[in-house]
Q: 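Here it is: the structure, laid out below.
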Amino acid sequence: MTRLSVAIRPPSRVCDVLRRLPREPASRVNWSAPGQWLVTLRPLGHVPEHVTGPLVDVLAAELAGAGPVRCVLGPVTRRIGGQWLGAPVAGLDELADVVFAATEPLVPVTHPQPFQADVVLARGRVPAALAGQPVAAEWTAGTVELLADRSAPGRPRFDQLAAFPLA
């Protein structure tokens with residue numbers, strides 16, 4: 001089983017904006033490395049290998065007619081559930097709805113929650129004081145990816161299993 005997600009990677013100029021945010025040391029807070037900066041449309045969790053092919057097929061079919069999506073980062077960082085610090089990304093609700101609808105028959109949603117698009121900047125026990133930093137950028141997302149998380153402590157690694165162009 002591999003932990004999979006459907007996500008969009010922000011372009012390097014957006015990552016440059018994120019790099020400029022303060023990263024103050026805080027007890028029990030782990031700051032994300034740039035290689036971990038993704039906008040997850042749907043976390044799929046641990047998925048058996050035999051489901052990967054059907055996931056690729058269904059995502060390719062559903063995203064075939066989708067066009068590029070305008071993404072807006074900001075306006076300020078926010079604390080998510082006390083465990084994450086994120087930079088919100090607007091503009092992805094409809095695309096996330098398509099991804100959830102397409103993948104749910106193969107990977108049921110086990111933890112329903114409202115969709116929130118964020119670039120996760122930190123994990124752990126994130127104090128409320130870390131949130132509220134101004135952040136702003138815009139880009140057009142032209143590709144959705146199916147990613148396998150093969151990270152190890154201190155070594156983020158997300159392998160692209162498939163890419164779906166948004167024509």
Side-chain angles (χ1 to χ4, degrees), residues 1-12 14-15 18 23 26-66 69 71 73 77-127 130-131 139 141-166:
M1 292 180 87
T2 304
R3 191 167 61 177
L4 303 180
S5 61
V6 180
I8 293 173
R9 295 181 200 251
S12 59
V14 173
C15 290
L18 296 171
R23 296 169 65 94
S27 176
R28 297 190 286 186
V29 171
N30 297 312
W31 291 96
S32 301
Q36 295 170 296
W37 292 342
L38 306 168
V39 183
T40 302
L41 297 173
R42 168 139 195 237
L44 295 164
H46 289 88
V47 176
E49 295 293 325
H50 73 275
V51 177
T52 303
L55 275 171
V56 171
D57 293 343
V58 75
L59 286 166
E62 289 299 319
L63 297 173
V69 179
C71 302
L73 182 75
T77 60
R78 64 183 173 189
R79 190 169 167 239
I80 308 163
Q83 298 177 334
W84 299 282
L85 178 68
V89 180
L92 294 168
D93 291 347
E94 289 180 24
L95 186 59
D97 288 345
V98 168
V99 168
F100 266 87
T103 58
E104 188 170 14
L106 295 167
V107 181
V109 176
T110 57
H111 296 86
Q113 55 191 339
F115 171 73
Q116 291 185 13
D118 283 88
V119 176
V120 175
L121 303 171
R123 294 168 175 80
R125 291 192 176 252
V126 175
L130 290 180
W139 79 96
T143 304
V144 172
E145 298 178 62
L146 178 63
L147 299 172
D149 184 350
R150 296 195 172 108
S151 299
R155 236 180 6 107
R157 181 176 150 202
F158 292 91
D159 292 339
Q160 181 189 85
L161 301 181
F164 310 98
L166 302 174

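Everything numeric here is computed off the predicted structure, so don't read it as measured data.
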Q: Looking only at heavy atoms, which two atoms of Val29 and Arg125 are closest? And how far apart?
A: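 Where Val29 meets Arg125 most closely, the heavy atoms are CG2-O, 3.3 Å.
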
Q: Given side chain to side chain contact (heavy atoms under 4.5 Å, CB included), test Glu145 with Phe158 step by step and report yes or no.
A: CA-CA 10 Å; Glu145 298 178 62; Phe158 292 91; over 6 Å; no

Q: Would Trp37 and Leu121 satisfy side chain to side chain contact (heavy atoms under 4.5 Å, CB included), going step by step from the backbone distance to the final call?
A: CA-CA 7 Å; Trp37 292 342; Leu121 303 171; 3.9 Å; yes

Q: Extract all donor-acceptor atom pairs below 3.5 Å that involve side chains of residues 80-96 and protein atoms in other chains or at least two apart in sequence.
A:
none

Q: Give the minimum heavy-atom separation between Cys71 and Ala141, together with the two atoms involved.
A: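 Heavy atoms of Cys71 and Ala141 come nearest at SG-CB, 3.8 Å.
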
Q: CG/Leu63 to OG1/Thr143 distance, rounded to the nearest 0.5 angstrom?
A: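 Going from CG on Leu63 over to OG1 on Thr143, the span is 10.5 Å.
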
Q: For a quick test of reading the model, state the closest non-hydrogen atom pair linking Thr40 to Ser5 and the distance between them.
A: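 It is CG2-CB, 4.1 Å.
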
Q: Hey, are Arg123 and Ser32 close enough side-chain-wise for a donor-acceptor pair under 3.5 Å?
A: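 Arg123 and Ser32 do have a side-chain donor-acceptor pair below 3.5 Å.
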
Q: Between Phe115 and Val99, is any pair of side-chain heavy atoms under 4.5 Å apart?
A: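 SC-SC contact between Phe115 and Val99 ruled out.
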
Q: Between atom CZ of Arg9 and atom CD of Gln36, what is the distance when rounded to the nearest 0.5 Å?
A: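 Atom-to-atom, Arg9:CZ and Gln36:CD are 11.5 Å apart.
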
Q: Just by modelled atom types, is the Arg157 backbone N or O under 3.5 Å from a matching donor or acceptor in the Ser151 side chain?
A: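 Checked: pair present.
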
Q: Among Leu38, Asp159, Leu161, Leu4, find the one that has a side-chain contact (heavy atoms from CB on, under 4.5 Å) with Leu147.
A: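 Passing option: Leu38.
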
Q: Please tell me if the side chains of Val144 and Leu59 come closer than 4.5 Å, counting only heavy atoms from C-beta onward.
A: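 No. Closest side-chain heavy atoms not under 4.5 Å.
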
Q: Between Thr52 and Thr2, is the side chain to side chain contact (heavy atoms under 4.5 Å, CB included) condition met? List the steps.
A: CA-CA 9 Å; Thr52 303; Thr2 304; over 6 Å; no

Q: For the CZ atom on Arg150, are there more than 12 heavy atoms of other groups (residues, nucleotides or ligands in this structure) within a distance under 6.0 Å?
A: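 Yes.
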
Q: Does some side-chain heavy atom of Val6 sit less than 4.5 Å from a side-chain heavy atom of Leu55?
A: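 Sidechains of Val6 and Leu55: no contact.
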
Q: Judged by atom type as modelled, is there a donor-acceptor pair below 3.5 Å linking the side chain of Glu104 to the main-chain atoms of Ala101?
A: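 The answer is no, because no donor-acceptor pair under 3.5 Å joins these two groups.
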
Q: For the atom pair CG (Leu41) and CG (Leu146), what is the distance rounded to the nearest 0.5 Å?
A: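 Answer for the CG-CG pair, Leu41 versus Leu146, is 11.0 Å.
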
Q: Could you check whether any side-chain heavy atom of Asp118 comes within less than 4.5 Å of a side-chain heavy atom of Arg78, counting everything from C-beta outward?
A: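 Answer yes - side chains close enough.
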
Q: Are Arg79 and Leu130 packed together at the side-chain level, in the sense that at least one heavy-atom pair is separated by less than 4.5 angstrom?
A: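 No; the side chains remain at least 4.5 Å from each other.
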
Q: Considering non-hydrogen atoms only, spot the tightest contact between Pro165 and Ala163 and give its length.
A: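 Pro165 and Ala163 have their closest heavy atoms at CD-O, 3.7 Å.
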
Q: Compare every heavy atom of Phe164 with every heavy atom of Ala60, then report the nearest pair and how far apart it is.
A: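 So the minimum-distance heavy-atom pair works out to N-CE2, 3.5 Å.
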
